[in-house]
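What follows is a set of notes on a single structure, which appears directly below.
What you see below is based on every heavy atom in this structure, not just the backbone, and it leaves out hydrogens, waters and symmetry mates. Not measured: the values here are computed from a predicted model.
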Amino acid sequence: MRSNLKSRWSCRDQARFLQELGDLLENGFTLYEGIEFSLIHGKKKYREEIKDALELLKDGHTFRDFLEWLDFEQEL
């Protein structure tokens with residue numbers, strides 16, 4: 001499952017997103033809330049892609065599906 005992304009996230013941005021999401025989870029945010037928070041505070045160039053991928057979670061898909069939609073590196 002992959003989206004038709006115009007620009008691929010750099011490995012550094014992928015890692016930063018996951019680190020920040022992990023920090024939010026450790027501080028009591030749910031996964032969904034953490035991702036929504038990143039929409040507000042993250043890089044503008046990825047907001048639409050995150051919004052689209054967030055729909056997968058709303059539809060009951062897994063976080064892995066979310067990451068695959070964003071075309072994240074499997075190693076991360």
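Shortest non-hydrogen contact noted between I50 and L70 is N-CD2, 4.2 Å. Heavy atoms only, all atoms of each residue included: A53 and W69 are closest at CB-CD1, 3.3 Å. Heavy-atom minimum distance, L18 versus L67: CD2-CD2, 4.0 Å. Heavy-atom minimum distance, L21 versus I35: CD1-N, 3.8 Å.
Remark: E73 pairs with R8 by the side chain to side chain donor-acceptor pair (under 3.5 Å) rule, at least two apart or across chains. Applying the salt bridge (Lys or Arg N to Asp or Glu O under 4.0 Å) criterion to K44, with sequence neighbours excluded, gives no partner residue. Annotation: side chain to side chain donor-acceptor pair (under 3.5 Å) contacts of E36 (sequence neighbours excluded): none. With sequence neighbours excluded, no residue forms a salt bridge (Lys or Arg N to Asp or Glu O under 4.0 Å) with R47.
Judged purely by atom type and a 3.5 angstrom limit, D52 has no side-chain atom pairing as donor or acceptor with the backbone of E49. Between the Q14 side chain and the F72 main chain, no donor and acceptor come within less than 3.5 Å of each other.
Residue pairs meeting the salt bridge (Lys or Arg N to Asp or Glu O under 4.0 Å) criterion with at least one partner in residues 16-32, sequence neighbours excluded, are D13-R16.
Ring geometry for W9 against Y46 counts as parallel: the plane angle stays under 30°, on a 0 to 90° scale with 60° as the upper cut.
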Problem set entry | Pair K58-Y32, side-chain contact (heavy atoms from CB on, under 4.5 Å): steps then yes or no | CA-CA 9 Å; K58 285 183 185 177; Y32 191 86; 2.5 Å; yes
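Here CD of E68 is found 10.0 Å from CG of L56. Values are rounded to the nearest 0.5 Å. We find the CG-CG distance between D65 and L57 to be 8.5 Å, quoted to the nearest 0.5 Å.
Annotation for F37: hydrophobic cluster partners, listed by chain and number, are L24, F29 (ILVMFWY side-chain heavy atoms under 4.5 Å, direct or chained).
Ion pairing of E55 with K51 is absent here, as no side-chain N (NZ or NE/NH1/NH2) approaches a carboxylate O to less than 4.0 Å.
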